[in-house]
Every structure is written in C-alpha cells, then in structure tokens.
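Heads up, the thing below is written out as structure tokens.
Order of the sequence lines fixes the chain letters, A, B, ..., with proteins taken first and strands second; residue numbering starts at 1 for each chain.
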Amino acid sequence: MTILLFGITKDIVGQPTLSLSHSEAQGLHTAGELKEFLKDNYPDMKKLSSLAVAVNSEYAQDEHAIKEEDEIAIIPPVSGG
Amino acid sequence: MKSNRYIRQTQLREFGPLAQEKLQNASVLVVGLGGLGIPVLQYLNAMGIGRLGLVDNDIIDETNLHRQVLYNEAEIGQSKIEVCLARLKEQNSQTIIDVHETFLNRDNALGIIGNYDLVVDASDNFPTRYLINDACIIQNKPFVYGALHGFEGQVSVFNYKGGPTYRCLFPVMPAASELPSCDENGVLGVLPGIIGNLQALEVVKMIAGIGEVLSGRLLVYNGLNTTMHNIRFSKNPKHSNICILQESYQVPCSSDLEIDALKLQDLLQTDQPHLLIDVREPGEFMEDRLESAVNIPIGELEDRQIVFDNTDKVFLICQSGIRSMQGKYILQKRFPDVKFINVHGGLNRIRASEPLV
C-alpha cells in the first residue's frame, strides 16, 4: 500500500510517500484504521485534530473501506498565507 | 469613445463583453494582504472587478518582501493596507476600493462580509479561516480558500451554491500548537504567487459564470515535484449547518484586553512589575526579542509551569500579534484570575517604529 503524504504529515514521516508492506496493509480495513496505524507509528500525528484521508482521490470518512491497491493520500489542514 | 482596456479578454469567445460587465458589477472582499492576497488583488484589480474590499491590520516587515511582491524596501514599517490602496489605485483608477484597517474578528466579520458578493480567504491563520467559513455560511456567500505549507498549497471554493464548506473537509479548528505557520515553518517566495493566482481565477470564473468552479474539490499543489491532486469531497450537513458564530475564534475582538505595541514600550520603561511572555519559537526569540521577555513557545503554554508572583499584568507578545492572541486564550483558560494582555502589532510594530541604524 502506498500512501501520499501532504503538509505536516510529510514532515512528521520525513518523506513524501510511505509504503506499507503486504502484511502491514492486510491489517488495515478502513480509513479510520489507517489513521490509527499512523498515529501509533508516528506519535506526532496524534496532535493533529483534523486529518483528511483521500482514497482514490475521494475524501473518505473513517468507516470507508480501503484496499491494498488503492491510492491513498493523507491531507492535513495548512494555514500559511 | 469606448475603452480598449479589457479587449484582450473580452475578445475571448467564452468570456466576451457580458462577462466583463459582470466583473464590473461585482464586489469582492479579500481578507489578508500577504503572500496570497497580493496576487489576488493585483489580478482582480487589473481585470476590472468593480469594487474590492481590503482587510488587514499588519505592517510591512522585511521578512515579507520575498513573497509579498507588491511591497518595496522603502515601505518596511508602513501599513500594508495603505500601501496596497495606493498601488491598486495607480493600477486601475476605475476600481472602487474599500479599506477595512482591522483584523477580521467575531465582532466585525458578519458586517464586513455582508457587503460583498464573495470573499477570498487569503489569511495566514486557522482562527481567521474558520471565522471566514462560519461567517460566509451565515451570510450565504461563497468564498475562495487558499493556504500554504512549505512547498505545497491548497485551493478550493467553499459554500458555492450550497456546496461543501471548509468544515466538511476539516471539521475541527486545529489548536495553535498543532501546526506551524509560515513564520515558523517557512514558505518559498513564489508559492503564494501560484496559489493566489489560482484563487483569483476561481473568483473570475464564479463571477463571469464560465468554466467549472472548484467547488467540492480540494486542489493540492506540490511545487517541488509539480503535481496537482484533486480530491473530491461532499457536503456534510453536520458541519455546514451554522446559524451563529462561535463564542470565540481566538482572534482579537474589540472587547479584548489589548495594548498597542508602542505603548507597551513606554510602559516597560516605568519599572512597573510585569511579566512579558514571548510565545514565538526559540529560533525566532534568539534572533530578536525584547529585553525583559521570557520565551514560552505557544505549543508549551498548555503545560509549562508559570509563576506569576508580584505581577498583576501579564503581557503576551509574538511577531505580529496573532499567535500571542491565541496564546492569551490558552492561558486565560488555564489561569482565569490572571489578567493577560495581548501586545497588538507585536515586535513588527515596535521594530518598525525604531529609527534605522
């Protein structure tokens, strides 16, 4: 599973994309579970109160199902101007 | 004789004289005269929008110049809104320009926004962005959102013909400590130019009724690898049914305790006991600070132990007065009995008043 990271999530992970192995991805069934997985592995993400997940370029609610071949993007709000 | 001023766009078949007339009859409010607001205004003014409203209360700082390309070196320390007004009048004498020399706040937002057809969110902080969202829903105005982080930008049109809003994407306003601003994180000079121009284009499309408005889609631009992602999203009535503004957005209200940065300077010289907390990041604090200031970065205000003995007044300062206002709300909640006062205009205002050496 490949996850595109935007905004501060890219800075937290330290790279623009995150590749999950087959075994890691197998345990993740929904967008909400993916968020929890990221928060567990990257504790700085716990601080973010709003974090949008897009599955195949569509905004996904927490219960939205995800599959290994989906294109997933993590989009936090950004404030700069 | 009819002017040829707009002929290069009216000769476009999809645009034509009718669209030009619509621009002429339109009014647009631009909140924020920084990296985003400047390109938005320069193009809307050049293209012939009839009436433009400007909202800002900041002054030009040296660190603005690399991205806020309307301002010149000689104008450091001057009011952004005054410089903008003069420049835009020179650019197009036919535009009616209203100046609102204030930051948008809970008290003035509905009144100001109500006077315009649509709004451009060119602000640089979450409290203002959420305030614009909520006020635009209440006033039934569409608004064009643009925001930056490093080499990235986001653009969307919210509340367009009953479409999705900012809170449909990001329901909860992030706390001040969650995410860095441009001042803390940095931004490449050209980035706001790109994002601001995309915002201006959405404004023109909406008014002229041409093309497809970026409603229900979030555009995420990455300048480093030149990619654009379009994320589709839909309306969430749970987050978009708003009838009144929230109690607080952590932006200054007229009723709030504030002191002008220049008056603070006088006060500090009188030896009155006081505590001055600078809420910027340690790097910024090291670069430039007031002598009596102690540094507690905004992210640490929730938990850091603070001793207030012998002080009846606690002043909060940052670069421009925005983060210190957010800090004031955090501390006021923690210590309801202490009097916290925000230093309006921040270090920028103090430094701008000093003679150049």
Pair B:Glu212 + B:Arg217, salt bridge at N-O below 4.0 Å: yes

Chain B contact via A:Asn56 - which portion, at a heavy-atom distance below 4.5 Å: backbone

Pair B:His229 and A:Phe6, ring centroids less than 6.0 Å apart: yes

Contacting moiety of B:Asn222, where chain A heavy atoms sit under 4.5 Å: side chain

Side-chain heavy-atom pair B:Phe143, B:Leu118 within 4.5 angstrom cut-off: no

Among the listed options B:Leu169, B:Leu36, B:Asp121, the residue most often paired with chain A at heavy-atom distances under 4.5 Å: B:Leu169

Pairs of heavy atoms under 4.5 Å with chain A: top-ranked of B:Gly146, B:Gly32, B:Ser234, B:Ser123: B:Ser123

Side-chain donor-acceptor pair present, B:Tyr249, B:Asp134, cut-off under 3.5 Å: yes

Audit row: B:Lys333, B:Glu302, salt bridge (Lys or Arg N to Asp or Glu O under 4.0 Å) steps and yes/no: CA-CA 9 Å; B:Lys333 234 186 209 168; B:Glu302 301 262 16; over 6 Å; no

Residue B:Tyr166 versus chain A: region with a heavy atom under 4.5 Å: side chain

A:Ile75 versus chain B, the contacting section by heavy-atom distance below 4.5 Å: both

Proximal component of B:Asn225, with respect to chain A [non-hydrogen, under 4.5 Å]: neither

Top contributor to chain B interface from A:Ala73, A:Pro16, A:Ser50 [non-hydrogen pairs under 4.5 Å]: A:Ser50

Exceeds 12 heavy-atom contacts within 6.0 angstrom, atom OH of B:Tyr43: no

B:Val220 versus chain A, the contacting section by heavy-atom distance below 4.5 Å: side chain

Pairwise distance CG(B:Asn133) to SG(B:Cys168) - rounded to 0.5 angstrom: 8.0 Å

Toward chain A, the part of B:Ile195 with a non-hydrogen atom under 4.5 Å: neither

B:Glu62 atom CD, neighbour heavy-atom count above 12 within 6.0 Å: no

Contact class of B:Tyr145 relative to chain A, heavy atoms under 4.5 angstrom: side chain

